[in-house]
Amino acid sequence: MTDKKSGNTAQPSVQTVLTHQGREPDDQFGFVNTPVYRGSTILFKTLDDIEAQQQRFLYGRAGNPTTESVESIVTTLEGAHRTRLVPSGLAAITIALLSCVKAGDDVLISDSAYEPGRVFSDGFLTRMGVTARYYDPRIGAGLAGLMQPNTRAVLAESPGSLTFEVQDIPALAKAAHAGGARLIVDNSWASPLYHQPLALGADLVVHAGTKMFVGHSDAFAGTISTTEAAWPDVERTRRELGFFTSGDDAFLVARGLRTLAIRMKEHQERALDIARWLESQSDVVQVLHPALPSHPDHALWKRDFTGSGSLFSVLLAPAPRASVAAFVDELKLFTMGYSWGGFESLCLPVKLGKNRTVRPWTVEGNLFRLHIGLEGVEDLRADLAAAIERYTRAR
Ligand SMILES: *Cc1c(COP(=O)(O)O)cnc(C)c1O
């Protein structure tokens, strides 16, 4: 914490961390926010200075006060040793995986993990001599049976992208550690406010900062938070690969984080409201939201999470493509697009094909992923009610 005046040693609340940490007004002429630092070159005054390498910053690629302000907030929220800000959520996943492996090693990835992470593993990692295998997101302690002597990393995402399976992080951590591997968890959905994987045994936590942290659909960022043991490998990998996040982007992440707690609360309430309502609508077969008692992993969610996110999927009864088009083409408030986490609601028709290999998606019907934004809930409900009506009519 940077609150120099309080002298209070009690752990500050999450809301206080979000509003106060990562700011040093005394260093910024009293201005509230850490400004955008732009710079590659950092100057040294004497030969002694450049040889000693003791300055806080040596070269801009390793970070600046704006990027560090974001890193310090996420470190506190995740209960981590340290955090690195990287240019995207995907970069957070790829750097985290690369930090664990060398040629000849093996990684295990959840079948429900974010698809571009799979593409990286099947492509880049395979070309570098690392094998990538997939596991059932509901495997839990059964992961032990898949571990090989050369397995060095397990990549979990809880709940999973598109299908929202909740994973047993403590059980996965136990199996990974017994086999000498590190557990990486993608925590983008819940944010550190509602789920803290490091406390449950994970070694690395990654975020698509692009989503809830930024919160306004206007910047890319990722974070990697680690235990003390995992940190040197992550920082070495990032440094060797040359990843850098600009002060401009870091500023937008910091600005987003200031309101993360109230945005998460609003997104959570609205998403739950709409998810519950959808459960009783005609042609709705299933709502895939872990905080609903009907969700198969609800007990696990309740055990390990303190809240839920903006994002869930809804499965509609089997119908031809014309119904899917009728549903999405005339939406008034929901718009179609990748990504999520902004203030605006999104609807994505989901195609689960090559991105499920262990548990092929065989469920009949059409799946839609919804990100519930900050519009009026009644308006969003009306938009969806009309869409379902069009869907049914077009069957
Ligand atoms: C979007 C997303 C990512 C990737 O983030 P980008 O910033 O778009 O690269 C990673 N994980 C999850 C769960 C995501 O939804």
Side-chain angles (χ1 to χ4, degrees), residues 67 70 74 78 83-98 109-121 123-124 137 153-167 169 183-195 197 202 204-225 238 241 243-246 248-250 252-253 256-257 260 264 267 271 288-290 305 308-313 336-342 344-348 350-352 355-356 367-373:
T67 59
V70 170
V74 180
E78 287 291 358
T83 296
R84 248 321 164 192
L85 185 64
V86 295
S88 71
L90 181 57
I93 293 169
T94 61
I95 295 168
L97 281 169
L98 282 171
I109 300 171
S110 166
D111 208 29
S112 60
Y114 180 66
E115 190 178 8
R118 295 179 66 118
V119 173
F120 166 78
S121 303
F124 187 94
V154 176
L155 173 62
E157 181 186 323
S158 185
S161 277
L162 309 174
T163 43
F164 298 91
E165 297 91 343
V166 180
Q167 300 200 21
I169 300 299
L183 176 63
I184 306 165
V185 178
D186 187 330
N187 195 26
S188 302
W189 181 81
S191 90
L193 271 55
Y194 299 153
H195 190 222
L204 297 88
V205 174
V206 296
H207 280 281
T210 311
K211 313 293 169 55
M212 294 314 309
F213 288 2
V214 167
H216 294 73
S217 308
D218 54 5
F220 272 101
T223 60
I224 311 168
S225 304
R238 183 210 62 82
L241 288 170
F243 277 108
F244 163 74
T245 308
S246 76
D248 298 75
D249 288 330
L252 289 174
V253 184
L257 284 171
L260 180 67
M264 283 302 294
H267 284 292
L288 300 171
H289 188 313
F305 290 70
S308 55
S310 63
L311 201 65
F312 65 91
S313 288
M336 253 194 303
Y338 299 111
S339 199
W340 53 278
E344 83 290 7
S345 290
L346 294 169
C347 170
L348 187 70
V350 173
K351 280 216 163 68
L352 287 162
N355 53 346
R356 292 292 185 278
L367 197 62
F368 298 83
R369 188 188 72 176
L370 302 176
H371 163 67
I372 306 302

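Read the numbers this way: they start at 1 and go in the same order the structure lists the ligands and their atoms. Below, each value reflects all heavy atoms present in this structure, side chains not excepted, and no hydrogens, waters or symmetry copies. Just so you know, these numbers come straight off a predicted model, no measurement behind them.
With Y114 as the aromatic partner, K211 meets the cation-pi criteria of under 6.0 angstrom to the ring centre and within 45 degrees of the ring axis.
Looking only at heavy atoms of the protein, atom 6 (P) of ligand 1 is closest to G89 N, 3.4 Å. Among protein heavy atoms, atom 7 (O) of ligand 1 sits closest to T210 OG1, 2.5 Å. Among protein heavy atoms, the minimum distance from atom 9 (O) of ligand 1 is reached at L90 N, 2.8 Å. Of the protein's non-hydrogen atoms, F220 CE2, 3.5 Å is the one closest to atom 8 (O) of ligand 1. Atom 14 (C) of ligand 1 has as its closest protein heavy atom K211 NZ, 2.9 Å. If you check which protein heavy atom lies closest to atom 12 (C) of ligand 1, you get D186 OD2, 3.5 Å.
Heavy atoms of W189 found under 4.0 angstrom from ligand 1: none, in either backbone or side chain. Neither the backbone nor the side chain of V206 has any atom closer than 4.0 Å to an atom of ligand 1 (non-hydrogen atoms only).
Of all atoms in ligand 1, listed by their number and element, those nearer than 4.0 Å to a heavy atom of I93 are 10 (C). The ligand atoms of ligand 1 that sit less than 4.0 angstrom from a heavy atom of A208 are 2 (C), 3 (C), 4 (C), 5 (O), 10 (C).
Distance alone, capped at 3.5 Å, places no donor-acceptor pair between the R369 side chain and the V350 backbone.
A donor-acceptor contact closer than 3.5 angstrom is absent between the side chains of T83 and E78. No hydrogens or angles considered: a donor-acceptor pair under 3.5 Å links the side chains of T163 and R356. A donor atom on one side chain and an acceptor atom on the other are not found under 3.5 Å apart for S161 and E115. With 3.5 Å as the limit, one finds no donor-acceptor pair spanning the side chains of T223 and H207.
Closest of all the heavy-atom pairs between T210 and A219 is CG2-O, 3.3 Å.
Not a single heavy atom of Y338 lies less than 4.0 angstrom from ligand 1.
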**Q.** side-chain contact (heavy atoms from CB on, under 4.5 Å) evaluation trace for W189 with F164
**A.** CA-CA 10 Å; W189 181 81; F164 298 91; 3.7 Å; yes
